[in-house]
Amino acid sequence: MYEHKFVKIQLSTWKLTPEEDYHKVVYDNEKEGWELVQIFAPGITGHGTPSFFELIFKRKKD
């Protein structure tokens, strides 16, 4: 059995760059036993670009 964690990363409105260092988010979560499963961009703006993306992690339940 697994537990899941979803971390939302906002993208800047004009440059569409992440507002925080997603590399650090991945490394920090790996240190806690989380495995990155997928990066998902569900929020699409009127211009067809994402407004954010989510990092989806999983780890085995104790």
Q: Under 3.5 Å, is there a donor-acceptor pair between the side chain of S12 and the main chain of T17?
A: yes

Q: Verify the neighbour count for atom OH of Y27: are there more than 12 heavy atoms of other residues, nucleotides or ligands below 6.0 Å?
A: no

Q: May I ask whether V26 and I9 are part of the same hydrophobic cluster, defined by side-chain heavy atoms of I, L, V, M, F, W, Y residues being less than 4.5 angstrom apart, directly or through others?
A: yes

Q: For residues L36 and F53: do they belong to one hydrophobic cluster (side chain heavy atoms under 4.5 Å, members Ile, Leu, Val, Met, Phe, Trp, Tyr)?
A: yes

Q: Same cluster for Y22 and F52 if Ile/Leu/Val/Met/Phe/Trp/Tyr side chains link at under 4.5 Å?
A: no

Q: At what distance, to the nearest 0.5 angstrom, does CG of N29 lie from NZ of K5?
A: 4.0 Å

Q: Of the non-hydrogen atoms in V7 and F57, which two are nearest, and what is the gap between them?
A: CG2-CE1, 3.9 Å

Q: To the nearest 0.5 angstrom, please state how far the CZ atom of F40 sits from the CD1 atom of I56.
A: 7.0 Å

Q: To the nearest 0.5 Å, how far apart are CG in L55 and NZ in K8?
A: 12.5 Å

Q: Minimum heavy-atom separation for L11 and E19, please, with both atom names.
A: O-OE2, 3.8 Å

Q: Enumerate the residue pairs fulfilling side-chain hydrogen bond (donor to acceptor under 3.5 Å, both in side chains) with a member in residues 53-62, sequence neighbours excluded, ordered by first and then second residue.
A: E3-R59

